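Note sheet for the following structure.
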Amino acid sequence: QVLLVESGGGLVQAGGSLRLSCAVSGRTFSSVAMAWFRQAPGKERDFVAAISRSGVSTYYAASVKDRFTISRDNAKNTVYLQMNSLKPEDTAVYYCAADTAVIPTTEPGRYDYWGQGTQVTVSS
């Protein structure tokens, strides 16, 4: 049983920052690539960012590049998403996901494990 638990969501004003965390248990953390997705009401789940098993390679959606930073601490079994310069359009439920593939993908259907999600609301 692999368990992913997100935390760090909340309400923030536009231009502010939040840091999301995702703690992983039940599997060797360094054996999975990790990603963050988000889903706004009435919309599909969209790719936000991903990081390779080692943390050397990172990938971002164009809409968040240069504002968001994904990182991981393999000693703490945790992946993070630092979100700066937040905009109202960033409002969504944010999910972390784990993938056993060597190279992470942007396709949500390829991910094996998911967290329960954490709400991020950005007010204008």
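Residue numbers count from 1 along this sequence. Every value quoted in this text rests on a predicted model; they were computed, and no experiment measured them.
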- Message: Please give me the minimum heavy-atom distance between N77 and F29, naming the atom from each residue.
- Response: OD1-CB, 3.3 Å

- Query: Tell me, which pairs form a side-chain hydrogen bond (donor to acceptor under 3.5 Å, both in side chains) where one or both residues lie in residues 97-111, sequence neighbours left out?
  - Reply: T100-D112

- Can you tell me how far the CE atom of M34 sits from the OG1 atom of T78, to the nearest 0.5 Å? 9.0 Å

- Message: Is there a path of hydrophobic side-chain contacts, each under 4.5 Å between heavy atoms, that joins V93 and L3?
- Response: no

- Note on the structure: The complete set of salt bridge (charged side-chain N to carboxylate O under 4.0 Å, His left out) pairs with one or both residues in residues 44-63, sequence neighbours excluded, reads none

- In the single-linkage hydrophobic clustering (I, L, V, M, F, W, Y; side-chain heavy atoms under 4.5 Å), do W36 and F47 co-cluster? no

- Item | Gap separating the OH atom of Y95 from the SG atom of C22, nearest 0.5 angstrom | 13.0 Å

Considering only distance and modelled atom types, tabulate donor-acceptor pairs under 3.5 Å from the side chains of residues 79-90, sequence neighbours left out.
unit_1 : atom_1 : unit_2 : atom_2 : d
Q82    : NE2    : N84    : OD1    : 2.9
N84    : OD1    : S17    : OG     : 2.9
D90    : OD1    : R38    : NH1    : 2.9
D90    : OD1    : R67    : NH2    : 3.0
D90    : OD2    : R67    : NH1    : 2.7
D90    : OD2    : R67    : NH2    : 3.4
D90    : OD2    : K87    : N      : 2.8

- Message: Give me the atom names and distance for the closest heavy-atom approach of P104 to A33.
- Response: CB-CB, 3.8 Å

- Message: Before you tell me yes or no, could you show the steps for Y94 and E6 under side-chain contact (heavy atoms from CB on, under 4.5 Å), namely the whole-Å CA-CA distance, both residues' side-chain angles and the distance that decides it to 0.1 Å?
- Response: CA-CA 8 Å; Y94 283 70; E6 301 100 334; over 6 Å; no

- Item | Atom pair OG (S71) and CZ (R19), whose distance is rounded to the nearest 0.5 Å | 7.0 Å

- Query: Going from OG on S31 to CG on N74, what distance comes out if it is rounded to the nearest 0.5 angstrom?
  - Reply: 9.5 Å

- Residue pair Q116 / V5: nearest heavy atoms and the distance that separates them: OE1-CA, 3.8 Å

- Task: Would you check if the side chain of T121 reaches a backbone N or O of T91 as a donor-acceptor pair within less than 3.5 Å?
- Result: no

- The reported gap from CG in D66 to OH in Y60 (rounded to nearest 0.5 angstrom) is 9.5 Å

- Query: How about L11 and Q119: do any of their side-chain heavy atoms sit closer than 4.5 Å?
  - Reply: no

- Would you call the rings of W114 and F37 parallel, tilted or perpendicular, where under 30° means parallel and over 60° means perpendicular? tilted

- May I ask you to test the L20-F68 pair for a side-chain heavy-atom distance under 4.5 Å? no

- Query: Any sub-3.5 Å donor-acceptor pair from Q13's side-chain atoms to S123's backbone N or O?
  - Reply: no

